[in-house]
Asker: 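Supplied in structure tokens, the structure appears directly below.
All values reported here derive from a predicted model rather than from experimental measurement. By convention in this document, chain letters (A, B, ...) are assigned in the order of the sequence lines, proteins followed by strands, and residues within each chain are numbered from 1.
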There are 2 protein chains.
Amino acid sequence: MEETFCYQYPRPAVTTDCVVFGFDGQEINVLLVERGSEPFKGKFALPGGFLEPNETLEECAQRELLEETGIDSINLRQFAVFSDLERDPRTRVISVMFYGLLAPKAMESDSIKSGSDAVSLKWLKLEHAMNNTSLAFDHKEAIVKAKEALALSLNREPVAFELLDQTFTIKQLQIIYETLLNIEFDRANFHKKMVGHPSATLKAKPTGRKKNSGVITDTGTVMKNTKHKPAKFYTFDSEKYSKLMEQKDFYFGF
Amino acid sequence: MEETFCYQYPRPAVTTDCVVFGFDGQEINVLLVERGSEPFKGKFALPGGFLEPNETLEECAQRELLEETGIDSINLRQFAVFSDLERDPRTRVISVMFYGLLAPKAMESDSIKSGSDAVSLKWLKLEHAMNNTSLAFDHKEAIVKAKEALALSLNREPVAFELLDQTFTIKQLQIIYETLLNIEFDRANFHKKMVGHPSATLKAKPTGRKKNSGVITDTGTVMKNTKHKPAKFYTFDSEKYSKLMEQKDFYFGF
DNA sequence: ACAAAAGTGTTTGGAATACACCCATGC
DNA sequence: GCATGGGTGTATTCCAAACACTTTTGT
């Protein structure tokens, strides 16, 4: 069956690709798949594939991700379109790029495995992925851009918590912010920003409106088997976050 | 000549569309072109058109804008891709959206005129464009999204000044910020944020490092024929802005 | 006891807010 | 003179940075 599809004007092929960031508790990683066919056979690339006629770009990205990596129900955000003429040696291809986030448990889940094409999967440290010149296509630049896009939304939305399990330590949260923003934060101040000012500011004066703007709360449980004082586990309080966002002067970011 | 282009797999048609914001000194407008052919013949739409095989998306957007409106050398930023299955009645079309900015002088320039297709041009107030249900395709939503994207970059980059001539009044700058962010600012405080703290804060104490973070400077000229105290003209000091941006704690936004 | 990492407190200057006041123009 | 809108000053409040101190674990 040598079926062909003909049009009055030339059309580019359209693909979607996904940058999946996974946090393992220590650092941020990027999911890559080994290519089983040319071009770039044997090289690692972002999961993705060609748009089908009956699906939107978002649906295409979800479908390709499920087929190639087993990842289901992940929130994908579109962040760029790559359209250089020579970016694919086969034919003219423009690619719409998405990124998604996985928390430690989801990242280490058994359901993430290579798809039917029997290509292999690999998690690469974000830092290394951004400098890896052997990635297929322009996927290295895609990863760099995805990180930038993620860093921007970090200052407008509580996306960091999509990289964390239900409960997490402040240290983990801080690693995410520091990695993405390329900034080092003072531990004490970061704590106050996230949890809220515990006593000092609150007992000051009950005159003006107070903004104890903490968006994470203590769960009561602590980490086990640490070589030092055990870290508390916290959770993201989305209701509190929503309330704070309604205030026009609330800014959640750095 | 009934030339056709055939491929092994189905491909969508790809277009670019541009949301051109123009500031006339009083308010922000959006440039629309009247469609000369079906679908949506006679309706107003964003300037744009089909991607050609030998150009990138950016080049396509620039070319279509020049062809249809005469606008040349404008900085275009990609902000979304629309891919709903039914967004174009003819065939499957996905559209990559860009926005660009024009200052009063450029907006009123004679070189902006309808292109070869003899379709007419129209500037619509941004406020009206965002509520205009008779626009072609999904272009109303595109305008809304473009405004949101522009509002976001307003807090990271000095894009507001691309909507202003070389010299401008603080009032004009404030209108732009207020329109895009849907916030009303205190006149005096807005002034200080942009120009810098003139005396009060500076003469306070010469102990710590001072941050007289003004990014616009007085030009010496003033507005003529006003019914009140004439407003000064200011310019954006890009060098000062760059220096401030190098400081890690500098935030230019609201 | 010590090291290491988590958590808390305190001081301080800068910045945002709210608002009062002064200035320059046309009428 | 007055109205109008531009420009400046200032007190208050609040946040964020810097940094010292305390707590809890393992060795």
Side-chain angles (χ1 to χ4, degrees), chain A residues 26 168-175 177 183-214 216-234 244 247-254, chain B residues 26 168-175 177 183-214 216-234 244 247-254:
Chain A
Q26 259 77 50
F168 51 86
T169 65
I170 294 187
K171 172 76 173 173
Q172 291 174 333
L173 184 59
Q174 187 170 347
I175 289 173
Y177 272 87
I183 297 176
E184 299 213 331
F185 294 104
D186 179 276
R187 209 168 41 80
N189 295 331
F190 188 83
H191 185 286
K192 278 194 282 265
K193 172 114 181 174
M194 291 298 167
V195 181
H197 298 220
S199 62
T201 314
L202 283 176
K203 78 182 172 199
K205 264 184 276 180
T207 58
R209 67 262 153 79
K210 277 285 152 292
K211 296 208 279 180
N212 183 15
S213 335
I216 66 176
T217 52
D218 193 339
T219 63
T221 56
V222 296
M223 205 167 226
K224 298 288 182 190
N225 303 323
T226 56
K227 300 205 281 193
H228 45 78
K229 177 173 178 179
K232 293 181 183 173
F233 283 118
Y234 293 82
L244 287 167
Q247 299 172 18
K248 70 165 184 180
D249 58 345
F250 176 69
Y251 177 71
F252 185 69
F254 290 93
Chain B
Q26 260 77 50
F168 52 85
T169 65
I170 294 187
K171 173 75 174 173
Q172 292 174 332
L173 185 59
Q174 188 171 345
I175 289 174
Y177 273 87
I183 298 176
E184 299 212 334
F185 294 104
D186 179 277
R187 205 168 42 83
N189 295 331
F190 188 84
H191 185 286
K192 276 195 285 264
K193 172 114 181 174
M194 291 298 167
V195 182
H197 298 221
S199 62
T201 315
L202 284 175
K203 78 180 172 199
K205 264 183 277 181
T207 57
R209 66 259 153 81
K210 278 284 154 291
K211 293 208 279 182
N212 183 15
S213 332
I216 67 176
T217 51
D218 194 338
T219 62
T221 57
V222 296
M223 206 167 224
K224 298 289 183 188
N225 303 323
T226 56
K227 301 204 280 192
H228 45 79
K229 177 172 177 178
K232 293 181 183 172
F233 283 118
Y234 293 83
L244 287 167
Q247 299 173 18
K248 69 165 183 177
D249 59 345
F250 177 68
Y251 176 70
F252 185 68
F254 290 94

Asker: Just verifying a value: how many Å separate A/Ile170 CD1 and A/Gln172 CD, rounded to the nearest 0.5 Å?
Answerer: 11.0 Å
Asker: Mind calculating the distance between OH (B/Tyr251) and C1' (C/dG14) to the nearest angstrom?
Answerer: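 Roughly 17 Å, once rounded to whole Å.
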Asker: Mapping B/Asn225 and B/Phe254 to their closest nucleotides on DNA chain C, which lands nearer the 5' end?
Answerer: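 Looking at DNA chain C, the more 5' nearest nucleotide goes with B/Phe254.
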Asker: Rounded to whole Å, please give me the gap between CZ in B/Phe190 and P in C/dA18.
Answerer: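 Interatomic distance, CZ of B/Phe190 to P of C/dA18: 16 Å.
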Asker: Measure from CE on A/Met194 to P on D/dA16 and round the result to the nearest Å.
Answerer: 11 Å
Asker: Can you name the side-chain hydrogen bond (donor to acceptor under 3.5 Å, both in side chains) partners of B/Thr226, sequence neighbours left out?
Answerer: none
Asker: Measure from CE on A/Met223 to C1' on C/dA4 and round the result to the nearest Å.
Answerer: 15 Å
Asker: Mind listing the N/O atom pairs, protein and nucleotides 23-25 of chain D, below 3.5 Å?
Answerer:
residue	atom	partner	partner atom	Å
D/dT24	O2	A/Lys229	N	3.0
D/dT25	O2	A/Lys227	O	3.3

Asker: If you only use heavy atoms from C-beta on, which nucleotide in D/dG6, D/dT10, C/dA6 is closest to the side chain of B/Lys192?
Answerer: D/dT10
Asker: Between D/dT8, C/dT8, D/dA17, spot the one nearest the side chain of A/Asn189, thanks.
Answerer: D/dA17
Asker: In this structure, how many angstroms lie between the C1' atom of D/dG5 and the CD atom of B/Gln174, rounded?
Answerer: 12 Å
Asker: Considering residues at least two apart in sequence or located in another chain, which fulfil the side-chain contact (heavy atoms from CB on, under 4.5 Å) criterion with A/Phe185?
Answerer: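 Scan of A/Phe185 (side-chain contact (heavy atoms from CB on, under 4.5 Å), adjacent residues dropped) gives A/Gln174, A/Tyr177, A/Glu178, A/Leu181, A/Ile183, A/Phe190, A/Phe254.
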Asker: When you check the phosphate oxygens OP1 and OP2 of D/dA16, does a side-chain N or O of A/Lys193 lie under 4.0 Å from one of them?
Answerer: yes
Asker: Expressed in angstrom and rounded to an integer, what is the separation of A/Phe252 atom CZ from D/dA16 atom P?
Answerer: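 That distance rounds to 11 Å.
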Asker: Is any side-chain N or O of B/His191 closer than 4.0 Å to OP1 or OP2 of D/dG6?
Answerer: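 No, because none of the side-chain N or O atoms of B/His191 sits under 4.0 Å from OP1 or OP2 of D/dG6.
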Asker: Who are the side-chain contact (heavy atoms from CB on, under 4.5 Å) partners of A/Ile175, not counting sequence neighbours?
Answerer: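 Partners of A/Ile175 under the side-chain contact (heavy atoms from CB on, under 4.5 Å) test: A/Phe23, A/Lys171, A/Thr179.
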Asker: Of the nucleotides C/dG7, D/dT8, C/dG9, which one has an atom closest to the side chain of A/Ala188?
Answerer: C/dG9
Asker: Using atom NZ of B/Lys224 as one end and atom C1' of C/dA24 as the other, report the distance to the nearest whole Å.
Answerer: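 One finds 12 Å between C1' of C/dA24 and NZ of B/Lys224, rounded.
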Asker: Report the residues that fulfil salt bridge (charged side-chain N to carboxylate O under 4.0 Å, His left out) with B/Asp218, sequence neighbours left out, ordered by chain and then residue number.
Answerer: B/Lys232
Asker: Roughly how far apart are A/Phe233 CZ and A/Thr221 OG1, rounded to 0.5 Å?
Answerer: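 Separation between the atoms: 6.0 Å.
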Asker: Taking the minimum atom-to-atom distance to the side chain of A/Arg187, which one of D/dT10, C/dG7, D/dA20 wins?
Answerer: C/dG7
Asker: With sequence neighbours left out, write down each residue that passes side-chain contact (heavy atoms from CB on, under 4.5 Å) with B/Thr217, or none if nothing qualifies.
Answerer: B/Thr235, B/Asp237
